[in-house]
Amino acid sequence: MYPEDELIPISALSQYTYCPRRAGLIFVERQWADNVFTVQGRHVHERAHQPADTRSEGRRVVRGLYLTSARLGLFGIADVVEFPHQDPVTDVTIVEYKRGKLTPRRKIEYEVQLCAQAVCLEEMLNLTLRRGCLFFALSHRRVEVEFTPDLRQAVESAAQRMHDMMRTALVPPPQLGPKCRGCSLRALCLPEISAGRNAAAYLRRLVNDDAPQPRSHSNGNPS
């Protein structure tokens with residue numbers, strides 16, 4: 001069990017699953033930079049997080065529900081939780097909003113975040129959730145996510161690794177890859193410079209590039 005002052009945001013697990021270094025820059029070094037995708041995503045969540053309690057099609061819909069798990073040391077806010085009127089402790093649906101659109105590529109970091117929210121709600125209400133939903137704002141589509149044993153294990157692992165990182169304050173080195181292209185922290189991370197490069201060789205190359213070059217002469221000999 002984790003004390004309250006050691007809880008970490010549920011979103012840290014999503015960031016870690018996407019890129020451990022990005023998670024370290026955000027939650028250990030407290031660095032941040034926006035791009036168009038992060039701004040749009042923040043606006044989507046700001047609307048979804050407006051606290052509300054409504055009823056729709058036989059279900060109670062709660063927005064902006066605070067979540068916590070002392071076992072995993074997590075806290076956060078659920079965008080939407082839907083409770084059936086007849087039996088509010090079964091068939092509960094937790095929904096996480098995303099700015100993008102539904103694509104064929106599985107976004108495991110989204111699923112880890114959604115499942116982590118479910119684990120928190122299970123601990124708080126002493127129930128078991130079989131599945132939840134991701135809602136994609138641009139396409140206005142929901143996709144169902146089953147909370148399999150493998151996905152739950154991914155949540156446990158990400159939570160443990162994030163707590164280890166927060167305790168040691170050691171940020172992983174960069175790993176240059178396709179995900180770097182759309183990352184808002186690319187200018188802070190500098191994966192092209194750091195990932196798999198020799199720092200001394202890089203500095204020597206900079207010095208040599210800036211050094212004045214000898215002037216050439218028509219006869220090929222220096223003066």
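Predicted, not measured: the structure shown is a model, and the values here were computed from it.
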Original post:
Are Arg142 and Glu82 close enough for a salt bridge, meaning some N to O gap below 4.0 Å?
Top reply: yes
**OP:** Take Cys19 and Lys179 through the test side chain to side chain contact (heavy atoms under 4.5 Å, CB included) and record every step on the way to the result.
**Re:** CA-CA 8 Å; Cys19 173; Lys179 292 181 179 179; 5.6 Å; no
Original post:
Under the salt bridge (Lys or Arg N to Asp or Glu O under 4.0 Å) test, which residues partner Arg141, sequence neighbours left out?
Top reply: none
Original post:
Mind checking what makes salt bridge (Lys or Arg N to Asp or Glu O under 4.0 Å) contact with Glu109, not counting sequence neighbours?
Top reply: none
Original post:
Can you name the ring-ring contact (aromatic ring centres under 6.0 Å, His included) partners of Phe135, sequence neighbours left out?
Top reply: Tyr97
Subject >> Leu121 and Val92: CA distance, side-chain angles, deciding distance, side chain to side chain contact (heavy atoms under 4.5 Å, CB included) verdict >> reply: CA-CA 10 Å; Leu121 193 61; Val92 176; 4.1 Å; yes
**OP:** Please assess Leu170 against Val28 for the test side chain to side chain contact (heavy atoms under 4.5 Å, CB included), listing each intermediate value before the final yes or no.
**Re:** CA-CA 8 Å; Leu170 295 177; Val28 176; over 6 Å; no
Original post:
Does the Tyr2 side chain pair with the main chain of Ser69, one donor and one acceptor, at a distance under 3.5 Å?
Top reply: no
Original post:
Does Ala70 offer a backbone N or O that forms a donor-acceptor pair with the side chain of Glu123 under 3.5 Å?
Top reply: yes
Original post:
Which heavy atom of Cys133 sits nearest a heavy atom of Thr93, and at what distance?
Top reply: SG-CG2, 4.2 Å
Original post:
Of all residues at least two apart in sequence or in a different chain, which pass the side-chain hydrogen bond (donor to acceptor under 3.5 Å, both in side chains) check with Thr17?
Top reply: none
Original post:
Would you call the rings of Phe75 and Tyr66 parallel, tilted or perpendicular if under 30° counts as parallel and over 60° as perpendicular?
Top reply: parallel
Subject >> side chain to side chain contact (heavy atoms under 4.5 Å, CB included) between Cys115 and Val155, intermediate numbers included >> reply: CA-CA 7 Å; Cys115 187; Val155 170; 3.7 Å; yes
Original post:
With a 4.5 Å heavy-atom cut-off, do Leu151 and Val145 have their side chains touching?
Top reply: yes
Original post:
Taking atom types as modelled and ignoring hydrogens, do the side chains of Gln113 and Lys98 form a donor-acceptor contact shorter than 3.5 angstrom?
Top reply: yes
Subject >> Heavy-atom closest pair, residues Arg21 and Cys189 >> reply: NE-SG, 2.9 Å
Subject >> Residue that, paired with Asp91, satisfies salt bridge (Lys or Arg N to Asp or Glu O under 4.0 Å) out of Arg60, Arg131, Arg59 >> reply: Arg59
Subject >> Residue pairs involving residues 151-164 (criterion side chain to side chain donor-acceptor pair (under 3.5 Å); sequence neighbours excluded) >> reply: Arg71-Glu156, Glu122-Arg152, Ser157-Arg161, Gln160-Asp164, Asp164-Arg167
Original post:
Which heavy atom of Met162 sits nearest a heavy atom of Ala23, and at what distance?
Top reply: SD-CB, 3.8 Å
**OP:** Taking the side chain as every heavy atom from C-beta outward, state whether Pro191 and Gln175 have any pair of such atoms under 4.5 Å apart.
**Re:** no
Subject >> Validation row: Tyr110, Tyr18 side chains within 4.5 angstrom (heavy atoms) >> reply: no
Subject >> Closest approach of Val95 to Asp79 (non-hydrogen atoms, all atoms of both residues) >> reply: O-CB, 3.4 Å
Subject >> Contacts of type side-chain hydrogen bond (donor to acceptor under 3.5 Å, both in side chains), residue Ser11, not counting sequence neighbours >> reply: none
